[in-house]
Every structure is written in C-alpha cells, then in structure tokens.
Amino acid sequence: ESRLTLYSGHKAGADSNEPPTPTKITARNGVNFFQATNQVVFKGDCLGSMLQKDLTEPRDVTFRSPEITVNLPEDKSERPDVLAAGPAELTFYVQDANEASAGSDPNVVEAPGGPIPVTVTAQKQALFSGVENQIIFEDDCRCTTTREDPNGVTRYMLLSELITVDLPEDTNDRSSEPTAGIE
C-alpha cells in the first residue's frame, strides 16, 4: 500500500495562521510521479480523505476510486486538479438543518446523530477543478443522503447523467452558507 499526503494552499483572505489542510491519499497498487507532466497517479483501490472542519462535529470527507490522477499546479498556492476514474464515490457531510432550528425553538426536539452524510457516485469519472472549486461527476450519477430521527428514516436521492458539487470557498468558516451546492 502506498500513501501520500498533499497540503492545499491558502485562498486569498484565508487566515494566514491556519496551517494548510492535509489530504491523505492511499493506493493499493502503487503511486507514480510523472515529472514531465507534473502528475501523480494512484492505482488500485484508492482512498482520499481530509478533515471537514466546518461542522459541529468534524468528520472525514472521503473519496474512493480505482485510479486517481492529481495534476499538480506549478504555483504551489493553487489547488490541484484531480481526475478519478469510475466508479467514483465522494462522501461529505452537511449540518442537519433541524438541529440548528432546535436551539431556537423549544417545541422542536433536537435530532440525534450530528452531521448528515451525503454520498455522490459516478460510473465514468469525477473531476475536481481546483480553479472552479467544484467536482463534476459523469455517467449514471447518484446523490443520496439519509436522515434518521426518532420518528423514522428519510432518504433523499438525486439521479442524473451529470452532477456538479460546488464546494465552499473556506471550509473553516462555520458562518458560511451550506457546505456544498449540488446541481
């Protein structure tokens, strides 16, 4: 098993005292670095993870794929582009909107369990654009989330040939809008 940790650069305006966020990538069948193209290719049962700190209970965002290619930018302060061969799967978390409203309304019962997982899959590929700060999933895509509370289980599912996940600019800002936008 091969492991590599990448550190993403800071966006303009980000807290300069905040250390870069590590992204850990493991691959069962090895890693190749191609200096001519400035690419790192991970092969075999690849798993990428990084801590999602913008939640009341931080969780690991995970990304799975049989092969992940990281296109390293020449400017180290920029985010790399990442291409994941399908089937690809991203799991991140959103704060439960009912939990946020429970504190302000005494009639609302707080739901247990903390942040809710959102899983997006694609059969062909997933492409993370560092410049656009979004992930584009292609071919037979599925976005699912399941919310459990004392009264039952609610599952939401979006099916499409193309799903785009817009990531937040600053994952450390708890006052920002929802964690990710999904189209």
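Computation of the quantities below employed the complete heavy-atom set of this structure, encompassing side-chain atoms and omitting hydrogens, waters and symmetry-equivalent molecules. Throughout, residue positions are numbered sequentially from 1 according to the sequence presented.
- Under the salt bridge (Lys or Arg N to Asp or Glu O under 4.0 Å) criterion, Arg3 pairs with Glu1, sequence neighbours left out.
- A distance of 6.5 Å separates CD1 in Ile25 from CG in Leu4, rounded to the nearest 0.5 Å.
- Here the side chain of Gln52 pairs a donor or acceptor atom with the backbone of Tyr93 at under 3.5 angstrom.
- Between the OG1 atom in Thr23 and the CZ atom in Phe63 there is a gap of 11.5 Å [rounded to 0.5 Å].
- The hydrophobic clustering, which links ILVMFWY residues whose side-chain heavy atoms are closer than 4.5 Å, places Leu158 and Val94 together.
- The hydrophobic side chain of Leu47 is isolated, with no ILVMFWY side chain under 4.5 Å apart from it.
- In the hydrophobic clustering (ILVMFWY side chains linked at under 4.5 Å, chained through shared members), Leu159 is joined by Met157.
- Counting heavy atoms from C-beta outward, Val165 and Phe92 have side chains that approach closer than 4.5 Å.
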What donor-acceptor contacts under 3.5 angstrom involve side-chain atoms of residues 29-37, with partners at least two apart or in another chain?
{"residue": "Thr37", "atom": "OG1", "partner": "Gln39", "partner atom": "OE1", "Å": "3.2"}

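- For Ser160, the side chain to side chain donor-acceptor pair (under 3.5 Å) test picks out no residue, with sequence neighbours left out.
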Side-chain donor-acceptor pairs under 3.5 Å in residues 114-124, sequence neighbours left out?
{"residue": "Thr119", "atom": "OG1", "partner": "Thr91", "partner atom": "OG1", "Å": "3.3"}

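- Looking at every heavy atom in both residues, Asn38 comes nearest to Pro73 through ND2-O, 3.9 Å.
- Heavy-atom minimum distance, Pro22 versus Thr5: CB-CG2, 3.7 Å.
- Rounded to the nearest 0.5 angstrom, Lys24 NZ and Asp60 CG are separated by 7.5 Å.
- Side chain of Ser129 to backbone of Glu132: a donor-acceptor contact under 3.5 angstrom is found.
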Point to revise | Steps toward side-chain hydrogen bond (donor to acceptor under 3.5 Å, both in side chains) verdict (Thr154, Arg147) | key: CA-CA 5 Å; Thr154 306; Arg147 182 178 181 275; 5.5 Å; no

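- In terms of the side chain to side chain donor-acceptor pair (under 3.5 Å) criterion, residue partners of Arg28 (sequence neighbours excluded) are, by chain and number, Asp45.
- With a 4.5 Å cut-off on side-chain heavy atoms, Arg79 and Phe128 count as touching.
- Remark: Asp75 pairs with Ser77, Glu78 by the side-chain contact (heavy atoms from CB on, under 4.5 Å) rule, at least two apart or across chains.
- The side chain to side chain donor-acceptor pair (under 3.5 Å) check on Gln125 picks up Glu138, with sequence neighbours excluded.
- Atom SG of Cys143 and atom OH of Tyr156 lie 12.5 Å apart (nearest 0.5 Å).
- Side-chain contact between Leu6 and Val40 is absent, with no heavy-atom pair separated by less than 4.5 Å.
- Asp149 places a side-chain N or O within donor-acceptor distance of the main-chain N or O of Asn151, the cut-off being under 3.5 Å.
- For the atom pair CZ (Arg59) and OG (Ser49), the distance works out to 14.5 Å, reported to the nearest 0.5 Å.
- Through side-chain heavy atoms spaced under 4.5 Å, either directly or across other Ile, Leu, Val, Met, Phe, Trp or Tyr residues, Leu83 is tied to Leu127.
- A side-chain N or O of Gln95 and one of Thr56 form a donor-acceptor pair less than 3.5 Å apart.
- Two residues are said to be in side-chain contact when any heavy atoms from C-beta on lie closer than 4.5 Å; Phe42 and Val70 meet this criterion.
- Considering only residues two or more places apart in sequence or on other chains, Glu67 meets the side chain to side chain donor-acceptor pair (under 3.5 Å) condition with none of them.
- A continuous path of hydrophobic side-chain contacts links Leu72 to Val82 [ILVMFWY only; heavy atoms under 4.5 Å].
- Glu161 meets the salt bridge (Lys or Arg N to Asp or Glu O under 4.0 Å) test with no other residue; sequence neighbours excluded.
- Counting all heavy atoms, side chain and backbone alike, Pro66 lies closest to Ala85 at CD-O, 3.3 Å.
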